[in-house]
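Read the structure below first, then the notes.
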There are 2 protein chains.
Amino acid sequence: MSAREPGRVTIGEAARRTGVSAKMIRYYESIGLLPAPVRAESGYRTYGPSDLHTLRFVRRARDLGFSMEAIGDLLALWRDRDRSSAQVKAIALDHVAALRRRIRELEGMAGTLADLAESCCGDDRPDCPILDDLAESPRAESPRAESPPTESPPAGAARAPDR
Amino acid sequence: MSAREPGRVTIGEAARRTGVSAKMIRYYESIGLLPAPVRAESGYRTYGPSDLHTLRFVRRARDLGFSMEAIGDLLALWRDRDRSSAQVKAIALDHVAALRRRIRELEGMAGTLADLAESCCGDDRPDCPILDDLAESPRAESPRAESPPTESPPAGAARAPDR
DNA sequence: GTGGGGGTTCCCATGATGGGAAGGTCAAGG
DNA sequence: CCTTGACCTTCCCATCATGGGAACCCCCAC
């Protein structure tokens with residue numbers, strides 16, 4: 001524990017106290033999310049109480065799944081005493097919507113797959129509805145007539161905005 | 001439409017017919033997920049019906065959220081006529097479990113955030129419970145106050161192997 | 001003064017995907 | 001026959017947030 005200035009700690013100590021790794025603290029600084037901290041004569045970064053507070057803010061926002069970009073916006077609003085809570089709320093609600101969209105996607109996958117797994121007896125025999133489904137070219141939610149896997153007309157590939 | 005061999009198509013055509021981009025087809029080949037295809041004299045990759053079938057298999061598996069690693073396993077089982085359906089089912093159920101874990105995480109985030117947003121009036125004034133929560137250092141596990149209708153502690157987002 | 005722990009910078013890797021440059025190939029049309 | 005444009009090839013770079021590790025410097029206690 002160096003940092004002879006009162007109340008200032010090194011990056012490792014800041015990491016320990018905020019739950020943000022030293023690597024990440026440097027990274028956040030490098031992308032401009034956090035301001036460059038005061039350096040000791042040695043060149044060591046030193047963090048004061050308000051820096052630690054900011055780091056905890058970032059940590060909590062990450063835990064809520066915000067992107068770095070959104071966190072940057074939130075930090076700016078946090079620091080801006082003239083902000084309107086409407087701006088903050090908008091960011092939060094956008095994120096809630098994004099989370100719920102993602103949840104619905106994942107639920108679709110889990111549901112389909114759970115159904116398939118349920119219809120698979122899971123024994124020593126090779127017959128497996130799961131593989132059968134994966135091998136069925138015409139990807140569709142509802143069972144559709146299938147044609148032999150030997151080339152059929154284009155049939156337009158449905159672009160799923162996945163991943 | 002080159003590929004003078006009967007029924008063999010170029011990578012672009014394969015991409016169009018399977019919904020897997022040419023880039024991704026090459027990438028899958030490079031990581032060993034797919035075998036190197038027959039090359040025309042020109043050096044062009046050429047894909048036959050069974051290759052297209054495999055590509056559709058991969059595409060469908062991706063749509064279900066399987067990792068490349070899992071897809072490799074599924075492909076191997078698909079090709080192995082001595083497989084047991086239990087193996088396939090195990091992979092599928094593992095993935096369902098992972099999806100559901102992730103869904104729960106996201107729901108935790110969305111729930112917390114939706115609550116916060118609800119308690120934020122979202123007007124011109126700067127006071128904002130959302131920012132207050134983010135700035136609150138002692139990250140309480142379940143500040144999901146309001147009234148506890150029927151919900152038990154949703155186990156907030158601790159260190160989530162997220163994103 | 002020495003050892004160990006911790007700081008510094010820089011590079012690399014992840015997973016799955018896209019973008020783009022530089023150059024070879026193919027088919028069609030003048 | 002030659003041009004043109006679409007398409008293929010390989011190779012490199014970027015994403016997003018994170019970790020690993022090397023090479024080197026610094027600080028403190030013994």
So, is A/R62 near the phosphate of D/dC16, with a side-chain N or O under 4.0 Å from OP1 or OP2?
no
Indicate the atoms forming the closest heavy-atom contact of B/L99 with A/M109, along with that distance.
CD1-CB, 3.8 Å
Stretch residues 23-34 of chain B: residues that reach within less than 4.0 Å of DNA chain C through a heavy atom:
B/K23, B/M24, B/Y27, B/Y28
Divergence of helical axes at both termini of the helix from C/dG1-D/dC30 to C/dG30-D/dC1 - five pairs an end, 10° steps
30°
Minimum heavy-atom separation for B/P49 to B/G7, with atom names?
CD-O, 3.5 Å
Can you find a heavy atom in the side chain of B/Q87 that is under 4.5 Å from one in the side chain of B/I91?
no
B/L113 and A/F66, any side-chain heavy atoms less than 4.5 Å apart:
yes
Check the surroundings of atom CZ in B/R39: do more than 12 heavy atoms from other residues, nucleotides or ligands lie under 6.0 Å from it?
yes
B/R17 versus B/R56: any side-chain heavy-atom pair under 4.5 Å?
yes
Do B/D127 and A/S85 have a side chain donor and acceptor closer than 3.5 Å?
no
Length of the line joining B/M68:CE and C/dT14:P, which is rounded to integer Å
15 Å
Whether A/S21 contacts D/dT18 is assessed here as follows: a side-chain N or O lying under 4.0 Å from the phosphate OP1 or OP2. Is that the case?
no
Between D/dT9 (C1') and B/E41 (CD): distance, integer Å
16 Å
Nearest-Å distance for atom pair CD/P, residues A/E13 and C/dT8
13 Å
Measure from CD1 on A/I11 to P on D/dC27 and round the result to the nearest Å.
16 Å
Is the shortest side-chain N/O distance from B/T10 to OP1 or OP2 of D/dC7 below 4.0 Å?
no
I need the CZ-P distance between B/R39 and C/dC26, as an integer number of Å.
14 Å
Between CD1 of B/I71 and P of C/dT17 the distance, given in whole Å, is 8 Å
side-chain contact (heavy atoms from CB on, under 4.5 Å) test vs A/V58 passes for just one of A/L34, A/I25, A/T18, namely A/L34
Round to the nearest Å and state the distance from B/Y44 atom OH to C/dA27 atom C1'.
10 Å
Over 60° means perpendicular and under 30° means parallel, so classify the ring planes of B/F57 and B/W78, tilted if in between.
parallel
Under-4.0 Å side-chain N/O to phosphate OP1/OP2 contact, A/R45 with C/dT8
yes
